[in-house]
Amino acid sequence: MTNAISTMRPGYRNTLFAWLLLLVFETTSQLALKIGGEALAHLPFGLAWLMQAASNPWVIVGVFGYLGAFSAWMVILDRIPLSFGFPLTAVVMLVVAIASHYVFGEELTPWRMIGIGLIVAGVVVMGGGDG
């Protein structure tokens with residue numbers, strides 16, 4: 001039996017790798033910015049807040065995560081149509097919700113999981129099309 005990945009067009013493995021990187025970078029950014037934001041919560045928004053944010057290591061990790069996500073997204077957009085790729089980014093919501101549960105102890109209520117499940121189901125339906 002032939003490996004399904006090897007029968008895809010050239011660059012398919014790179015596109016899958018870019019998707020994995022996008023998920024990792026986006027999730028890392030969200031988690032890091034949450035931690036950084038909590039460290040800044042005692043300050044009112046203003047110049048002092050901006051200066052603290054610019055020097056907070058978690059905020060810096062979040063910004064670099066966004067730069068990594070941007071890079072991965074540019075690779076993805078080079079390989080698939082935007083109308084197909086952008087809805088797939090909804091998977092980030094699932095990964096961030098699960099990571100938030102484990103990292104911050106945030107509750108994953110049944111309704112929240114149903115909502116995330118519906119979003120993922122929509123992504124699966126879109127993936128079945130001619131994208």
Side-chain angles (χ1 to χ4, degrees):
M1 183 171 177
T2 305
N3 182 345
I5 291 177
S6 66
T7 62
M8 297 291 179
R9 67 184 177 129
Y12 181 75
R13 288 179 197 215
N14 290 341
T15 304
L16 283 179
F17 185 66
W19 274 108
L20 178 62
L21 285 177
L22 180 72
L23 286 173
V24 168
F25 283 130
E26 285 277 359
T27 303
T28 300
S29 291
Q30 294 302 320
L31 297 176
L33 291 174
K34 170 73 172 167
I35 296 168
E38 288 176 348
L40 300 169
H42 67 283
L43 293 172
F45 183 75
L47 184 58
W49 184 92
L50 287 171
M51 297 302 288
Q52 286 289 323
S55 63
N56 182 294
W58 289 107
V59 173
I60 294 168
V61 167
V63 169
F64 277 105
Y66 275 136
L67 289 173
F70 167 79
S71 299
W73 185 237
M74 294 304 293
V75 169
I76 292 165
L77 287 179
D78 184 49
R79 290 170 169 78
I80 64 173
L82 178 62
S83 61
F84 179 71
F86 187 71
L88 291 177
T89 63
V91 174
V92 171
M93 283 189 270
L94 171 66
V95 176
V96 169
I98 292 170
S100 296
H101 172 73
Y102 287 106
V103 174
F104 302 119
E106 293 182 4
E107 188 176 1
L108 288 176
T109 65
W111 284 113
R112 187 171 295 163
M113 290 307 298
I114 288 169
I116 292 169
L118 289 170
I119 292 167
V120 172
V123 169
V124 169
V125 168
M126 286 192 64
D130 54 313

Between atom [atom1] of [X] and atom [atom2] of [Y], what is the distance when rounded to the nearest 0.5 Å?
X: Leu77; Y: Phe86; atom1: CG; atom2: CZ; answer: 10.0 Å
X: Trp49; Y: Leu43; atom1: CH2; atom2: CG; answer: 9.0 Å
X: Met113; Y: Leu94; atom1: CE; atom2: CG; answer: 6.0 Å
X: Ile35; Y: Phe104; atom1: CD1; atom2: CZ; answer: 4.0 Å
X: Met74; Y: Leu22; atom1: CE; atom2: CG; answer: 12.5 Å
X: Ile76; Y: Leu82; atom1: CD1; atom2: CG; answer: 11.5 Å

Please tell me whether [X] and [Y] are part of a single hydrophobic cluster in this structure, the criterion being side-chain heavy atoms less than 4.5 Å apart.
X: Trp73; Y: Leu23; answer: yes
X: Val92; Y: Leu21; answer: no
X: Leu50; Y: Leu33; answer: yes
X: Leu118; Y: Trp111; answer: yes

Determine yes or no for a side-chain-to-main-chain donor-acceptor pair under 3.5 angstrom, with [X] supplying the side chain and [Y] the backbone.
X: Ser55; Y: Met51; value: yes
X: Thr27; Y: Val24; value: no
X: Thr28; Y: Gly65; value: no

What's the shortest heavy-atom distance between [X] and [Y], and which atoms?
X: Ile116; Y: Ala97; value: CD1-CB, 3.5 Å
X: Asn56; Y: Gly36; value: OD1-CA, 3.8 Å
X: Leu40; Y: Ala53; value: CD1-CB, 3.5 Å
X: Ala90; Y: Ile119; value: CB-CG2, 3.3 Å
X: Ser100; Y: Leu31; value: OG-CD2, 4.0 Å
X: Glu106; Y: Lys34; value: OE2-CE, 3.9 Å

Do [X] and [Y] come close enough that some side-chain heavy atom pair is under 4.5 Å?
X: Val91; Y: Trp19; value: no
X: Asn14; Y: Arg79; value: yes
X: Gln30; Y: Tyr66; value: yes

